[in-house]
Trainee: 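Before we start, here is the structure in question, set down as structure tokens.
Proteins get letters first, then strands, A, B, ... in listed order; numbering begins at 1 in each.
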2 protein chains.
Amino acid sequence: MREAYPEAMTKSGPAAAADGTTTGSGDIARSLELLWGTGERPSRGPRPGLTLDRIVATAVDVADAEGLAALSMRRLAAELGTGTMSLYRYVPGKGELLDLMLDRVQGEPLAADASQVPDDWRRAIDEMARTYRDNLRAHPWLLKINQARTVLGPSALRGMELALTGLKDMGLDGPELIGVIITVNSYVEGFVRTESHATEAARETGLSHEAFWENQRPYLERAMLSGAYPRIAALPHDAFGDGFDHFAFGLGRLVDGFEVLVRERARK
Amino acid sequence: MREAYPEAMTKSGPAAAADGTTTGSGDIARSLELLWGTGERPSRGPRPGLTLDRIVATAVDVADAEGLAALSMRRLAAELGTGTMSLYRYVPGKGELLDLMLDRVQGEPLAADASQVPDDWRRAIDEMARTYRDNLRAHPWLLKINQARTVLGPSALRGMELALTGLKDMGLDGPELIGVIITVNSYVEGFVRTESHATEAARETGLSHEAFWENQRPYLERAMLSGAYPRIAALPHDAFGDGFDHFAFGLGRLVDGFEVLVRERARK
DNA sequence: CTCATTTGGGTACAGCGTACTCAGTGGCTG
DNA sequence: CAGCCACTGAGTACGCTGTACCCAAATGAG
């Protein structure tokens, strides 16, 4: 860490993370240093007025409160009471900042230790899914950033370890265990994504859900009367009501499906 | 449609769709007109040099080929050989353009008519999921735009109608049927989202998956040796290999889970 | 004390969506 | 057939974004 930014950093321009929501900027080593690094200060020069921790925490607060779109480097600097470019002394770019926000937020809801994971794998999956769901609800911006190149920080590894602990009695092999985790996570992410898109749209447009659908009603009714959509028209009125816990429904089916496999494995 | 843009349009500024990925801009009526409208030309004035259809088709092409980030109004205009602001004669804003792209692309993979939907609901769900997956793979930008306020265009309604047709023999009630559709869609969206994030990251950084993980290896190995992650360390090496069809695994479990419910309903 | 080194932050640039504005076109009316 | 005016096309400009580049102030080692 002699030089401030390694070679690769200097050639990353606006093109590197075109939409500004891709984590990292190709400089994995730098992100890893920030995540796992000891953060020792150099001996010379004035002492830093900010800390990486404070920057990341503030960034998370802004994103939670007003969405990822509101989190600009200028805005973040203003929130911290410093100049915009000062942030770049602590973070190579916005991509790496997102990496750090990710790892910080993913670590929050994890059980203190493995002994708190339920012994029953059904309950473990249920709890894992609901915990993940609640976390995504608390930080909807998580679903907007590309995690594919997120370095495996301590939180990510701990989450995986705890998940595997909960599934230990299923009697499945390695790829299947990973498959269970991927499936549950995919379902939860997909579900919450739709959900948070709705609340985000309501906030941005100032138009409630009910008002929105009321606006569509005349077009819908015209479409229904056309006779082209008989099965939609035949649905009972409560089909789209909110008196039904769709999340629990889907999760319950998923766990049922896992159980079929587990029983099959146990029989042989 | 006497006035060019209704009242609400004029007060939508950059604040309306802050991140540029929210469909619509609060003016639902305008989007609905564009989707369902007849598109009659006014009697006076020069005839338009562009068509809405050509604009939307070109926009889809650009987004498919280079990602949603590459789709700017300037870029789109250049592609069409016109001035940037000319586009705003046809589309109120980028949000509505996304709406139109959405409906166009969602309509592509739909079966020609209901008679092509499999009679067996298991096969119908399987086909629905794979069709949706393939469509999301072909147009990964679908997962980046907020569909919550997407108006129900003809394609969306047809997709719902066909889905309900495939589930007709499950013997479930209204909310449950919607629950099945939501669950399958959530799973597929979550799965493809992770998948396409990976390919997008590889394209943007020019770094392959293998190279990326190879970079992380030393940090991972150090973490494994720490003993803090025994269950991850105990996983067989093929757990993360690509010799396992994770999509089919998750979808199979899901269908199994639905079957448990269907059998339970049939017994009573 | 001197000076290499580090931090803070101002300025500048390319790119974005789009509001505003005006020139030119062409069908309807007199 | 002339003239009007609704309409289309498009240039210019504004505020926003991330960040490259640069210089002044601060600090500890020699």
Side-chain angles (χ1 to χ4, degrees), chain A residues 1-5 9-25 27 39-52 55 59 67-78 80-98, chain B residues 1-5 9-27 40-52 55 59 62 68-78 80-98:
Chain A
M1 272 194 67
R2 207 86 293 264
E3 59 214 312
Y5 300 151
M9 210 46 233
T10 63
K11 66 171 174 179
S12 87
D19 58 357
T21 56
T22 307
T23 63
S25 29
D27 186 5
E40 69 232 357
R41 279 218 311 123
S43 56
R44 274 213 272 252
R47 92 193 41 197
L50 292 172
T51 63
L52 190 56
I55 292 175
L68 199 59
L71 182 69
S72 69
M73 297 302 271
R74 279 170 241 259
R75 169 66 195 278
L76 179 56
L80 288 162
T82 58
T84 306
M85 296 316 291
S86 306
L87 300 176
Y88 288 89
R89 294 282 165 197
Y90 300 84
V91 171
K94 201 181 184 183
E96 285 79 3
L97 176 62
L98 293 176
Chain B
M1 273 195 70
R2 207 85 293 267
E3 58 215 310
Y5 300 152
M9 211 44 234
T10 64
K11 66 171 174 181
S12 88
D19 58 357
T21 56
T22 308
T23 64
S25 29
D27 185 5
E40 66 231 0
R41 281 217 312 120
S43 58
R44 274 214 275 252
R47 94 192 39 200
L50 291 172
T51 63
L52 190 57
I55 292 175
V62 171
L68 198 60
L71 181 69
S72 69
M73 296 305 269
R74 279 171 240 260
R75 169 67 194 278
L76 179 56
L80 288 162
T82 59
T84 306
M85 295 317 290
S86 304
L87 300 176
Y88 288 89
R89 294 280 165 199
Y90 300 83
V91 171
K94 200 182 184 182
E96 285 79 3
L97 176 62
L98 293 175

Trainee: Where do N or O atoms of nucleotides 10-16 of chain C meet protein N or O atoms at under 3.5 Å, pair by pair?
Mentor:
{"unit_1": "C/dC16", "atom_1": "OP1", "unit_2": "B/Ser72", "atom_2": "OG", "d": "3.2"}

Trainee: What is the distance from CG of B/Leu50 to P of D/dC7, rounded to the nearest Å?
Mentor: 18 Å
Trainee: Would you give the length of the straight line joining atom CG of A/Leu50 to atom OG1 of A/Thr82, rounded to the nearest 0.5 angstrom?
Mentor: 5.0 Å
Trainee: Which distance, rounded to the nearest 0.5 Å, do you find between the OH of A/Tyr90 and the CG of A/Leu80?
Mentor: 9.5 Å
Trainee: Look up atom CG in A/Leu87 and atom NZ in A/Lys94, then write down how far apart they are to the nearest 0.5 Å.
Mentor: 11.0 Å
Trainee: Check whether any side-chain N or O of B/Tyr90 sits under 4.0 Å from OP1 or OP2 of D/dT8, and answer yes or no.
Mentor: no
Trainee: Taking 4.0 Å as the cut-off, does a side-chain nitrogen or oxygen of B/Ser86 come that near to OP1 or OP2 on D/dA10?
Mentor: yes
Trainee: In Å and rounded to the nearest 0.5 Å, what is the CG to CZ distance from B/Leu52 to B/Arg89?
Mentor: 15.0 Å
Trainee: Mind listing the N/O atom pairs, protein and nucleotides 22-24 of chain D, below 3.5 Å?
Mentor:
none

Trainee: Going through the distances and angles, do B/Leu97 and B/Leu76 end up as a side-chain contact (heavy atoms from CB on, under 4.5 Å)?
Mentor: CA-CA 11 Å; B/Leu97 176 62; B/Leu76 179 56; 3.7 Å; yes
Trainee: Tell me: OH of A/Tyr88 to P of D/dC21, nearest whole Å?
Mentor: 13 Å
Trainee: Quickly work out the B/Leu87 CG to C/dA19 P distance and round it to whole Å.
Mentor: 13 Å
Trainee: Within the structure provided, determine whether B/Leu98 and B/Leu68 are in side-chain contact (heavy-atom separation under 4.5 Å).
Mentor: yes
Trainee: The criterion is side-chain hydrogen bond (donor to acceptor under 3.5 Å, both in side chains); which residues satisfy it with A/Arg74, sequence neighbours excluded?
Mentor: none
